[in-house]
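Count residues from 1 along the sequence.
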Amino acid sequence: MDITRKGFDYYENLFDVPYPFDKYDQLFVPEYNMGAMENPGCVTFTEAYIFRGVVPDSRKERRVVTILHELAHMWFGDLVTMKWWNDLWLNESFAEFISTLATAEATEWTGAWTTFLTGEKTWAYRQDSLPSTHPIVADINDLEDVYTNFDGITYAKGASVLKQLVAYVGRTQFLAGVTNYFRKHAFSNTQLRDLLIELEATSGRDLSTWSGLWLETAGTNTLRPQLTATDDGTITSFTIVQTAPADHPTLRPHRMSIGYYGWADNGSDVVRQSQISLDVDGPRTEVPALVGTKRPALIVINDGDLAFAKIRLDDESLTFATANLGKIADSLTRGLIWNAVWDSVRDAETPATTFIDLALTNVLAENESTTIQTVLGQVGTASTIYADPALRTEIHTDVTNRLRQLVRQAPAGSDLQLQLLRCFAANANTSDHAQSLRSVLDGTDGLPGLVVDTDLKWDLLQGLVALGAADDAEVEATLAEDNTATGQHAAARVRASAPTTEAKQAAFASVVDNIDAPNAIIRATGAGFGRAADPTILEPLIDRYISALAPIWETRSYQMCEELIEGLYPLTIASQHLRDATAAWLDTNTSAAPALRRMVIENLADVDRALAAQKVSAGH
């Protein structure tokens with residue numbers, strides 16, 4: 001595989017440390033052993049990355065990032081390995097950061113940092129907002145702690161913090177320090193301080209305070225611009241206000257930039273007109289350099305996405321961005337704005353319809369595949385569990401109607417067309433939508449450039465089954481045509497989408513009562529189980545889910561428990577009833593295994609967040 005050879009070359013040039021083993025014939029992807037590696041022959045692969053049809057470009061890019069992530073473990077994890085699991089981030093955060101750097105600089109996927117922002121950092125922000133969040137350098141007491149900390153903190157937040165560290169100490173100094181770290185500790189085990197010593201030596205900075213604030217505390221800060229201006233737009237004051245969640249009140253230093261954006265000379269593109277860099281620290285950071293300047297159309301803090309912090313837009317910038325996001329030339333800037341508005345919805349500061357309007361007004365102009373994938377998924381969440389329950393059906397139907405229109409406006413045969421169609425199928429909720437899906441599936445509505453291959457056929461069929469417009473006989477017939485493991489997974493997903501309580505009960509039993517169900521079938525069933533245009537069909541499953549928690553934990557492996565407890569949680573309901581039932585289980589099962597309680601606590605947090613967002617949407 002060419003990407004493998006390029007990966008070795010890239011890392012050797014980056015670290016100035018040779019590939020640590022003699023053999024280059026490890027396929028599909030090398031992975032690390034736990035400890036100083038003696039045998040490089042361990043091989044990891046997943047057939048999900050062997051595509052059998054047309055897939056979104058986001059999946060192709062993810063395959064590249066994954067390969068480079070695993071190659072990075074030849075250095076971070078094999079050549080040098082952490083002494084104990086509390087420093088797991090030394091392996092995973094570094095592999096995540098370096099693989100993105102390599103993807104952006106050594107492959108065709110030059111927008112990898114935008115992908116990192118909209119993918120990894122979105123994951124990290126969500127994980128860090130949960131009650132189960134923990135420092136990047138985590139306390140690991142037993143094997144259950146190890147399992148639970150392969151999460152968005154260890155991977156995505158750790159990698160994000162490393163990106164900021166590079167900005168803080170300088171890229172040249174950072175890479176020199178890492179190179180020295182590898183040379184000094186080759187084929188041995190290390191801990192955090194071993195790395196910091198080398199970075200301090202090359203950068204001249206004392207990193208003990210930085211480490212304490214960023215690696216040894218939890219929680220995400222929020223940064224907001226606060227400014228005043230005269231009638232002619234001259235800025236008279238500019239302040240960055242930093243806040244922290246009550247449970248994790250640490251305020252941290254951030255190295256970041258502020259960008260001014262406006263219309264380019266061509267009058268059609270929005271471009272960066274100027275930028276300043278600064279250090280933000282404490283609750284308020286004055287920015288005197290901007291006083292006296294003319295206020296631009298759009299102000300973006302954390303411009304360039306160096307800092308790990310949620311950001312907000314001022315009101316004028318939000319209004320401009322909503323109307324013109326698709327005209328912003330830089331994909332990373334667009335990603336920052338997508339994330340800022342989405343975080344604001346998740347934090348119950350902005351109604352869900354604001355994000356929906358932003359997304360559906362601008363998504364046709366987006367050209368980053370992972371951004372499209374992420375935004376469309378968020379639109380589905382916003383229009384269902386975050387929308388005002390009294391208006392949910394109306395909002396969801398309007399969203400799906402608009403998605404159908406966007407499918408026809410997307411370029412023929414494009415990645416955007418494919419993703420919009422799949423999003424439409426995933427959100428279809430009327431008989432009219434079912435007719436549209438059927439016409440695409442049977443070929444009577446031939447969308448220009450679209451290839452309805454086997455995988456897309458399953459997605460369209462799922463939309464039909466979820467609306468009661470296709471039955472199990474059609475699922476069986478499709479499975480007979482696709483008699484493969486992947487076909488079995490798709491059939492499980494589609495059957496679990498059927499729109500009756502009886503079908504949901506059957507799907508639940510197929511993976512909970514049947515203890516022989518494999519991981520892939522459990523995962524696929526969970527992916528269809530929550531699909532419900534009418535969420536009330538899931539109400540009877542709440543008590544069944546609660547009563548199954550203890551038996552699941554007692555009879556399954558940790559991985560299976562995670563798939564079942566997270567995948568079958570009926571979050572689609574997002575009701576007070578679901579919240580109360582979940583909280584009651586926690587109240588009466590205080591002695592349950594900590595890892596099990598963590599999963600349930602995270603589910604409860606998702607419901608609480610949805611209820612808060614619904615309240616804001618209802619009051620809008």
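Between D432 and R404 a salt bridge is recorded (basic side-chain N to carboxylate O distance below 4.0 Å). Ion pairing between a basic and an acidic side chain is recognised when a charged N comes within 4.0 Å of a carboxylate O; R126 and D606 show such pairing. A salt bridge links D357 with R402: the distance from a Lys NZ or Arg NE/NH1/NH2 to an Asp or Glu carboxylate oxygen falls below 4.0 Å. Comment: R346 does not engage D343 in a salt bridge, judged by the lack of any side-chain N to carboxylate O separation of less than 4.0 angstrom. Under a 4.0 Å N-O distance rule, the pair R224/E349 qualifies as a salt bridge.
Between the side chain of Q462 and the backbone N or O of G528, no donor-acceptor pair lies under 3.5 Å. Using modelled atom types, one side-chain atom of R63 and one backbone atom of Y49 make a donor-acceptor pair closer than 3.5 Å. The backbone N or O of P253 sits less than 3.5 Å from a side-chain atom of W214, completing a donor-acceptor pair. Side chain of K504 to main chain of A496: a donor-acceptor pair is present (N/O by atom type, distance under 3.5 Å, no hydrogens or angles). Within the 3.5 Å criterion, the main-chain N or O of I385 finds a donor-acceptor partner in the side chain of Q614. Panel note: side chain Q242, backbone R252; a donor-acceptor pair is recorded below 3.5 Å. Within the 3.5 Å criterion, the main-chain N or O of A352 finds a donor-acceptor partner in the side chain of S617. When atom types are taken as modelled, the side chain of D415 and the backbone of D57 share a donor-acceptor pair closer than 3.5 angstrom. The closest donor-acceptor contact from the side chain of N302 to the backbone of L336 lies at 3.5 Å or more, if one exists at all. Proximity of a side-chain donor or acceptor of N362 to a complementary backbone N or O of T322 within less than 3.5 Å is detected.
Residues P135 and L215 approach most closely at CB-O, 3.5 Å, considering heavy atoms. Taking all atoms of both residues into account, the shortest heavy-atom contact from S575 to E539 is OG-OE2, 3.9 Å. Between G158 and I136 the shortest heavy-atom distance is CA-CD1, 3.8 Å. Here the closest non-hydrogen pair linking L298 and A321 is CD1-CB, 4.4 Å. The minimum heavy-atom distance between A387 and I395, with the atom names listed, is CB-CD1, 3.9 Å.
Sorted by first and then second residue, the pairs that involve residues 269-281 and meet side-chain hydrogen bond (donor to acceptor under 3.5 Å, both in side chains), not counting sequence neighbours, are R255-D279, S257-S277, Y261-R272, N266-D269, R272-D303, Q275-D303. The salt bridge (charged side-chain N to carboxylate O under 4.0 Å, His left out) contacts involving residues 359-380 comprise R334-E366, where partners must be two or more places apart or lie in separate chains. Contacts classified as side-chain hydrogen bond (donor to acceptor under 3.5 Å, both in side chains) and involving residues 374-396 (residues at least two apart or in different chains) are given here: H396-N427. Sorted by first and then second residue, the ring-ring contact (aromatic ring centres under 6.0 Å, His included) pairs with a member in residues 296-333 read Y125-F308, W263-F320; sequence neighbours excluded.
Remark: F238 pairs with no residue by the ring pair (Phe, Tyr, Trp, His ring centres under 6.0 Å) rule, at least two apart or across chains. Annotation: salt bridge (Lys or Arg N to Asp or Glu O under 4.0 Å) contacts of D459 (sequence neighbours excluded): R422, R493. Considering only residues two or more places apart in sequence or on other chains, F94 meets the ring pair (Phe, Tyr, Trp, His ring centres under 6.0 Å) condition with F76, W89. For D330, the side-chain hydrogen bond (donor to acceptor under 3.5 Å, both in side chains) criterion is met by T333, not counting sequence neighbours. Taking F529 as the reference, nothing meets the ring pair (Phe, Tyr, Trp, His ring centres under 6.0 Å) condition, with sequence neighbours excluded. The side-chain hydrogen bond (donor to acceptor under 3.5 Å, both in side chains) test applied to Q576 returns D580, not counting sequence neighbours. Residues passing the side chain to side chain contact (heavy atoms under 4.5 Å, CB included) test with K294, sequence neighbours excluded: D232, T234. With sequence neighbours excluded, no residue forms a side-chain hydrogen bond (donor to acceptor under 3.5 Å, both in side chains) with N324.
Side-chain contact between V280 and I301 is absent, with no heavy-atom pair separated by less than 4.5 Å. Considering only heavy atoms from C-beta on, I98 stays 4.5 Å or farther from L162 through its side chain. Within the 4.5 Å cutoff, the side chain of Y545 has no heavy atoms near those of the I542 side chain. Side-chain contact between M256 and L223 is present, with at least one heavy-atom pair separated by less than 4.5 Å. When side chains are defined from C-beta on, V607 counts as touching Y569, because their heavy atoms get closer than 4.5 Å. Counting heavy atoms from C-beta outward, F116 and T370 have side chains that stay 4.5 Å or more apart. Two residues are said to be in side-chain contact when any heavy atoms from C-beta on lie closer than 4.5 Å; T400 and T430 fail this criterion. The side-chain heavy atoms of S369 and K60, taken from C-beta on, include no pair separated by under 4.5 Å.
Using modelled atom types, one finds no donor on one side chain facing an acceptor on the other under 3.5 Å when comparing E120 with S160. A donor atom on one side chain and an acceptor atom on the other are not found under 3.5 Å apart for H248 and D128. Between S317 and R312, the side chains place no donor N or O within less than 3.5 Å of an acceptor N or O (distance only, hydrogens not considered). A side-chain N or O of S132 and one of E602 form a donor-acceptor pair less than 3.5 Å apart.
The line from OG1 of T361 to CD1 of I356 is 11.0 Å long, rounded to the nearest 0.5 Å. Rounding to the nearest 0.5 angstrom, the gap separating the CG atom in L571 from the CG atom in L578 is 7.0 Å. Atom CD in E96 sits 12.5 Å away from atom CG in L101 (nearest 0.5 Å). Residue H577 holds its NE2 atom at 9.0 Å from OG1 of T582, rounded to the nearest 0.5 Å. The distance from the CD atom of Q373 to the CG atom of L418 is 10.5 Å, given to the nearest 0.5 Å. With rounding to the nearest 0.5 angstrom, the CG atom of L227 is 5.0 Å from the CD1 atom of I299.
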Derivation and outcome, side chain to side chain contact (heavy atoms under 4.5 Å, CB included), residues D151 and H134 = CA-CA 10 Å; D151 61 10; H134 56 84; 2.7 Å; yes

Applying side-chain hydrogen bond (donor to acceptor under 3.5 Å, both in side chains), run through E61 and T115 and close with a yes or a no.
-> CA-CA 9 Å; E61 183 181 13; T115 297; 2.9 Å; yes

Worked verdict on W210 versus V161 for side chain to side chain contact (heavy atoms under 4.5 Å, CB included) | CA-CA 10 Å; W210 179 90; V161 168; 3.4 Å; yes

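Of the residues listed (T220, D347, N339, T243), the one engaging K310 in a side chain to side chain donor-acceptor pair (under 3.5 Å) is D347, and it is the only one.
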